[in-house]
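One structure is given here, and the rest of the page talks about it.
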Amino acid sequence: MKRLQFFATTVMGLEDIAAKEIENLIGAKPFQDVGRVIFDGEVSDIYLLNLKARTINKFFIQLCYSRFEKLDDIYKLSKRLDYEWIINSDQTFAVRTQRIGVHDFTSMDVSRVVGQAIIDSYMAATGRRLKVNLDNPDIEIYCLVRDNEFLIGVNTTGPSLHKRYYRIYNHPAALKPTIASAMLKIGGWPSTNSLIDPMCGGATIPIEAALESSNIPPGKCRNDFSFLKLKICSREEFENLRSEMLLGELKQSEKSFSIYAMEKFAKHIQGGIENAKKAEVYERICFQKGDATCAEDYPNVDFDLIVVNPPYGLRTSLKEGVSKLYELFLHAIRVRFPGATLVLITAASKRFKEAAEKAGLTVMNERKVWHGELLTSIFTCKV
Ligand SMILES: C[S@@+](CC[C@H](N)C(=O)[O-])C[C@H]1O[C@@H](n2cnc3c(N)ncnc32)[C@H](O)[C@@H]1O
């Protein structure tokens with residue numbers, strides 16, 4: 001089978017971590033772009049990456065990347081492509097477009113023009129007319145128009161991988177699991193032994209930590225992967241690989257990691273426990289109610305890693321409170337865990353830096369990351 005060109009989308013600011021993860025999983029050396037990485041691989045990589053990747057949103061087979069000047073160029077570029085090896089004649093398709101920059105056409109225009117080019121190309125090759133289904137297509141074609149660049153690919157994932165199956169309790173300020181996983185990688189997990197998230201909310205960070213250290217693939221329970229409908233993919237090969245991977249899960253007794261989750265509010269702790277049970281990692285996490293600003297409330301364990309997503313205090317009334325919270329929290333961990341590594345995400349980066357200075361903490365790195373619409377910083381500090 002020929003080598004395929006892929007691209008994967010990720011959170012803006014995490015491209016290097018996503019590239020490293022892909023390299024570790026399949027040995028490719030991805031090229032980094034904004035919010036995506038580009039690499040090549042084989043059909044079987046589609047199964048493996050979709051099952052195992054923790055920091056990626058979606059994987060696409062890249063069909064074309066080119067510069068263009070006008071909308072008609074997009075039609076011509078798309079019409080030139082072969083779709084027969086991807087789509088069966090009885091399957092439906094839809095084109096979704098993301099457009100960035102100033103153009104004299106809309107993203108709907110791009111979707112319409114590319115849709116027509118696909119129908120025309122398929123008709124010329126096979127004599128069969130493909131059907132469009134915008135609501136529930138078998139095959140989803142993705143187009144990116146960014147200034148004068150045009151990219152077209154086939155979605156192999158379906159709904160984004162950041163939607164983990166275990167999220168049954170939705171914390172109002174939940175962290176994206178892809179970002180939680182990246183923060184853990186930044187902190188060196190799972191090569192460190194003991195970890196605490198002292199403001200755990202719905203427990204995204206501890207659950208991702210437990211999944212990673214137990215070698216449980218995040219795609220373990222998913223059955224809505226788009227690649228299952230792609231002509232070049234085989235459900236049987238995929239299921240064989242998934243069964244093999246599940247044999248690689250570490251059982252509780254095989255290797256022990258200490259993962260602790262602490263939270264001030266009983267309602268969130270309970271939600272976190274429900275999520276952990278759904279993810280089948282409840283036994284691997286110690287949950288306890290406690291206040292992260294009180295040194296005495298922490299468990300009696302020498303943590304070497306603290307990974308946390310504290311409140312950002314975005315509402316005006318909470319801004320002062322958040323500075324105090326950061327100061328007291330940093331003071332508490334300085335007292336209890338000197339020498340540990342802290343990885344923390346916040347949108348209140350100035351307030352965090354001031355609090356870190358007051359507490360005498362060394363900020364080793366600040367990385368800008370888009371958490372949805374919000375520009376946040378992931379700080380790595382020596383406690
Ligand atoms: C941004 S949320 C964490 C969300 C979590 N990462 C998730 O994905 O569900 C921050 C959490 O910190 C908790 N919190 C605030 N102050 C705290 C304190 N002093 N001690 C412990 N938890 C605290 C809040 O109740 C809230 O659940």
Side-chain angles (χ1 to χ4, degrees), residues 11 54-55 162-184 186-187 189 195-212 218 259-279 281-282 285-299 303 305-315 317-337 342-349 351-352 355 359 369 371-374 376-379:
V11 171
R54 298 177 196 274
T55 63
H162 84 268
K163 291 186 182 138
R164 305 285 210 250
Y165 59 91
Y166 60 73
R167 261 287 166 81
I168 51 174
Y169 172 70
N170 262 313
H171 187 284
L175 183 64
K176 274 194 178 158
T178 38
I179 300 183
S181 177
M183 290 171 71
L184 289 159
I186 291 169
W189 188 258
L195 158 86
I196 184 166
D197 174 355
M199 299 187 234
C200 73
T204 312
I205 293 169
I207 292 171
E208 288 297 315
L211 292 173
E212 171 106 29
I259 304 174
Y260 282 74
M262 194 163 88
E263 160 67 50
K264 201 168 157 181
F265 295 102
K267 178 182 160 199
H268 297 322
I269 282 264
Q270 196 45 46
I273 289 174
E274 279 163 31
N275 286 341
K277 283 186 177 162
K278 180 74 181 164
V281 291
Y282 172 59
I285 303 172
C286 305
F287 283 90
Q288 82 170 50
K289 198 159 164 289
D291 184 338
T293 63
C294 291
E296 315 80 61
D297 275 11
Y298 285 79
F303 292 107
L305 182 60
I306 302 158
V307 183
V308 65
N309 163 218
Y312 304 159
L314 291 176
R315 277 177 283 146
S317 58
L318 298 176
K319 281 194 172 146
E320 289 313 317
V322 128
S323 291
K324 201 82 217 140
L325 170 70
Y326 290 178
E327 276 169 38
L328 293 173
F329 160 60
L330 295 179
H331 179 73
I333 59 171
R334 281 275 279 170
V335 170
R336 289 298 309 274
F337 315 111
L342 168 70
V343 183
L344 177 145
I345 184 167
T346 181
S349 48
R351 281 167 197 275
F352 175 76
V369 170
H371 188 202
E373 303 284 288
L374 207 58
T376 60
S377 292
I378 295 178
F379 289 99

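Atoms within each ligand, like the ligands themselves, are counted from 1 in listed order. We count residues from 1, following the sequence as given.
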Quiz item: Among Ile207, Asn170, Thr204, Ile285, which residue meets the side-chain contact (heavy atoms from CB on, under 4.5 Å) test with Asn275?
Solution: Ile207
Let me have the donor-acceptor pairs involving side chains of residues 261-274, under 3.5 Å, with sequence neighbours excluded, atom names and distances please.
from: Glu263; atom 1: OE1; to: Gly201; atom 2: N; distance (Å): 2.9
from: Glu263; atom 1: OE2; to: Phe265; atom 2: N; distance (Å): 3.0
from: His268; atom 1: ND1; to: Tyr169; atom 2: OH; distance (Å): 2.7

Quiz item: Side chain of Thr346, backbone of Ala348: donor and acceptor closer than 3.5 Å?
Solution: yes
Quiz item: Counting distance only, does the side-chain N/O of Asp197 pair as donor-acceptor with the main-chain N or O of Val308 below 3.5 Å?
Solution: no
Self-check item: Ring centers of Tyr298, Phe303 separated by less than 6.0 Å
Solution: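 Centroid distance Tyr298-Phe303: not below 6.0 Å, so no.
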What are the distances between nitrogen or oxygen atoms of ligand 1 and protein nitrogen or oxygen atoms, counting only those under 3.5 Å?
from: ligand 1; atom 1: 6 (N); to: Asn309; atom 2: OD1; distance (Å): 2.9
from: ligand 1; atom 1: 8 (O); to: Leu175; atom 2: N; distance (Å): 2.8
from: ligand 1; atom 1: 8 (O); to: Thr204; atom 2: OG1; distance (Å): 2.5
from: ligand 1; atom 1: 9 (O); to: Gly202; atom 2: N; distance (Å): 2.8
from: ligand 1; atom 1: 19 (N); to: Asp291; atom 2: OD1; distance (Å): 2.8
from: ligand 1; atom 1: 20 (N); to: Ala292; atom 2: N; distance (Å): 2.8
from: ligand 1; atom 1: 22 (N); to: Lys264; atom 2: N; distance (Å): 3.3
from: ligand 1; atom 1: 25 (O); to: Glu263; atom 2: OE2; distance (Å): 2.6
from: ligand 1; atom 1: 27 (O); to: His171; atom 2: NE2; distance (Å): 2.7
from: ligand 1; atom 1: 27 (O); to: Glu263; atom 2: OE1; distance (Å): 2.8
from: ligand 1; atom 1: 27 (O); to: Glu263; atom 2: OE2; distance (Å): 3.4

Quiz item: For the residue pair Tyr326 and Phe352, does the interplanar ring angle fall in the parallel (under 30°), tilted (30 to 60°) or perpendicular (over 60°) class?
Solution: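 Perpendicular: the ring planes of Tyr326 and Phe352 meet at over 60°.
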